[in-house]
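See below for the structure under consideration.
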Amino acid sequence: MKQHLVMWGILLSLSIPVAAQQQSMELSMGKVSLQFQLSTDGQPLYSLNYDQKPVVRPSVMGFVLKETDSVLYSDFTVLGTELSAKDETWQPVWGEVSTIRNNYKQMIVHLQQRHAPFRLLDIEFRVFEDGAGFRYVFPHQPKLNYFIVSKELTAFQLTGDHTAFWIPGDYDTNEYLYNTTHLSEIDNRKAVETATDIAVRTTPDPYAVQTPLMLKSADGLYINIHEAALLNYSAMQLHVDRSSFSLTASLVPDAVGNLAYLHAPASTPWRTIIVSDKAADILNSKLVLNLNEPNILPTTDWIRPMKFAGVWWEMQVGKSTWSISDRADTTDTNGNLIPNGRHGANSDNVKRYIDFAAKNGIHGVLIEGWNTGWEDWFGNWKEEVFDFVTPYPDFNVKELNSYARSKGVELIMHHETSGSATNYDRRMDSAFRFMKENGYHSVKTGYVGRIIPRGEAHDGQWMVNHFERMARKAASYQISFDAHEAMRPTGLHRTFPNWMACEAGRGNEYNAFSTGSPPEHETILPFTRLIGGPMDYTPGIFKMKGYCGYAPDRQMHTTLVKQLALYVTMYSPLQMVADFPEHYEAHDDAFQFIRDVPVDWDDTKVIAAEPGDYVAYARKEKGKENWFIGAITDENSRKMNTPLSFLEKGKQYLATIYADAPGADWKTNPEAYVIKQFLVDQQTVLKLNLAPGGGAAISIKPLTAPAPRSVTRYK
Ligand code: NOJ
Ligand code: CA
């Protein structure tokens with residue numbers, strides 16, 4: 001790792017004259033500049049400009065604490081300022097690129113209140129070329145040892161009635177469709193679509209939205225507001241003032257209405273603002289990752305990015321069940337549950353998926369519904385449902401794991417907690433020991449339903465701390481995980497690279513059990529949910545409508561080719577190959593793209609991007625010279641010129657283009673595709689035609705032998 005720390009000056013003085021305190025301090029990097037000042041009554045204010053244009057006008061900072069002398073937002077004086085800078089590169093264990101540059105200027109402002117008990121508060125600012133982050137640090141001090149936050153005042157005073165891509169502020173779920181409106185039109189009571197498989201506790205504030213919040217100003221600035229390194233604090237939502245266009249931090253409360261419990265020394269997560277006049281820069285930004293602490297795990301060679309198949313989609317569409325029986329309260333004369341004959345996780349069916357994975361070079365197989373408890377798991381807020389170690393009688397743990405191993409495949413464990421995080425906490429050690437004894441190295445977790453401890457929310461401090469415990473404990477067993485119904489990511493996978501993915505958004509599965517998500521959904525997610533980290537979206541559905549009669553009125557809201565493109569546009573080191581084996585066999589030629597596409601990358605280029613309309617990426621396979629392109633559009637058909645200028649000069653490549661066929665349409669003709677091969681090089685410009693709700697997927701490999709005569713140069 002190349003790393004150097006440049007101290008570019010320490011402007012420290014312990015006694016800045018009061019007059020000077022009113023002056024603004026500025027920190028800039030490229031086009032981004034951040035100003036800090038104290039108002040006349042000693043209130044901290046910051047503002048942010050991009051290319052001389054205001055992005056955030058002077059906005060307040062500070063807290064109300066839960067005690068008599070609760071004001072921690074005014075009457076401050078500046079004790080001193082520390083300036084520093086850093087320009088380093090680091091290598092993520094897995095990711096969209098193999099090297100990340102972390103280049104910023106930092107200013108720490110030391111504040112003290114002018115009245116007893118003379119409280120100290122530091123604000124740490126970092127400015128990058130693509131935005132800024134800041135966090136509050138509470139130094140160790142008398143009278144601020146243990147404290148409760150009852151309000152965080154951090155504001156983002158925007159400059160106009162920007163277009164916002166938003167989901168309702170909900171303390172328990174991010175599984176919503178995105179709304180695209182002006183700030184002045186935000187009203188989450190009108191966001192009728194709600195999550196269907198999880199208890200929803202919408203904030204009482206009708207004007208609260210979640211982050212990452214994507215904004216576009218009338219004069220063409222793209223602005224993204226989120227947070228980084230959410231640890232020991234509750235998730236930040238934003239209250240929108242619809243007339244002044246000011247956003248204010250709105251923290252998810254706990255069971256008794258408190259927002260966060262802290263012991264000094266302590267710090268908050270970073271509040272982040274990414275800004276550019278190009279949408280692509282928002283997708284390229286590494287600001288959130290860079291604001292997280294480096295990897296803390298002593299070894300990482302056991303962490304494996306992979307594609308995985310699984311006994312899963314069949315339950316989602318209703319072909320089979322998680323449970324072995326339809327009734328929890330009825331047994332046969334031997335006291336056994338009465339099988340319903342539709343249990344998905346039976347050994348024969350699991351072997352079918354293992355064979356499919358082995359045949360196609362897919363490393364993992366996830367099996368849900370393998371363990372007892374599913375008769376009684378949903379909607380009853382029950383403390384003890386699953387023990388995570390008892391298989392159903394038709395699922396032979398040892399035999400299936402050795403069968404998988406003999407074929408070079410590994411099984412992925414599933415721990416649904418049904419929201420009972422306390423039960424999971426108590427049983428984690430035995431659950432992880434069971435995994436290790438039986439050859440499992442990774443687990444998908446889930447928190448469907450209301451959280452236990454009762455009254456806590458999915459996105460509150462209690463669950464944030466639960467996930468930190470999970471990340472640390474899983475790592476101590478060399479276990480990686482993918483959390484569903486978790487709070488949305490904030491870049492913590494830099495610190496805990498075994499925390500490989502989260503769902504925390506409305507995944508592909510909604511097209512199975514609900515009216516689904518419109519074609520624009522996947523063009524918004526990269527600008528919103530994915531800003532904090534990978535999403536387990538579960539792409540790769542090939543049977544687009546009715547799902548073989550199991551859900552006749554349901555359908556995907558994409559073409560088949562767009563499902564291929566999602567492996568590139570929806571970055572994750574864990575990508576499910578979600579459909580039934582037989583549905584892939586029916587389209588073996590298109591399935592070749594899924595066989596080929598990797599999950600770990602050396603490099604990523606954003607080719608085209610506009611939230612709500614389209615995104616296109618080219619990515620280079622880690623350690624290889626192969627490139628993969630994924631391009632997707634919303635409900636509109638689109639032509640997209642794609643220059644291959646990222647290819648190596650003078651080299652010939654074979655491109656395999658998986659395209660929507662003429663006449664393809666997500667609604668009426670989703671399975672129509674054409675596959676063509678061409679010779680391409682650095683000069684080539686591909687002219688792609690994306691169908692309504694469609695896409696394009698392309699693999700590009702260096703030519704190692706003369707191309708067949710039927711393959712011509714791309715024109
Ligand atoms: C919801 C998850 O998103 C889904 O993937 C899982 O199959 C079910 N919960 C059951 O755990
Ligand atoms: Ca659109």
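Read the numbers this way: they start at 1 and go in the same order the structure lists the ligands and their atoms.
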As an exercise, identify every atom of ligand 1 less than 4.0 angstrom from a heavy atom of Val448. 1 (C), 9 (N)
Suppose I only count heavy atoms of His414 and a 4.0 Å limit; which atoms of ligand 1 are within that range? 11 (O)
Check against side chain to side chain donor-acceptor pair (under 3.5 Å), His521 and Tyr510: CA-CA 11 Å; His521 188 58; Tyr510 273 78; over 6 Å; no
Looking at Asp172 and Arg450, is any side-chain nitrogen of the basic one under 4.0 Å from a carboxylate oxygen of the acidic one? no
Under 4.0 Å from a heavy atom of Glu503: which atoms of ligand 1 are those, numbered in the order shown and with their elements? 3 (O)
Just jot down the ligand 1 atoms closer than 4.0 angstrom to any heavy atom of Trp312, in number order. 4 (C), 5 (O), 6 (C), 7 (O)
Checking heavy-atom distances from atom 6 (C) of ligand 1 to each of Arg506, Glu368, His484, the winner is Glu368
Decide if atom NZ of Lys667 counts as having more than 12 heavy atoms of other residues, nucleotides or ligands within a radius under 6.0 Å. no
For ligand 1 and Glu416, I'd like to know whether there is a polar contact (N/O to N/O, distance under 3.5 Å). yes
Lys436 atom NZ, over 12 foreign heavy atoms within 6.0 Å: yes
State the atoms of ligand 1, each with its element, that fall below the 4.0 Å cut-off from a heavy-atom position in Trp322. 7 (O), 10 (C)
Give the atom numbers and elements of ligand 1 that come within less than 4.0 Å of a heavy atom of Trp374. 10 (C), 11 (O)
Those residues at least two apart in sequence (or on a different chain) that pass salt bridge (Lys or Arg N to Asp or Glu O under 4.0 Å) with Asp387 are none
All side chain to side chain contact (heavy atoms under 4.5 Å, CB included) counterparts of Asn292, not counting sequence neighbours: Ala228, Ala229, Val288, Leu492, Arg494, Thr495
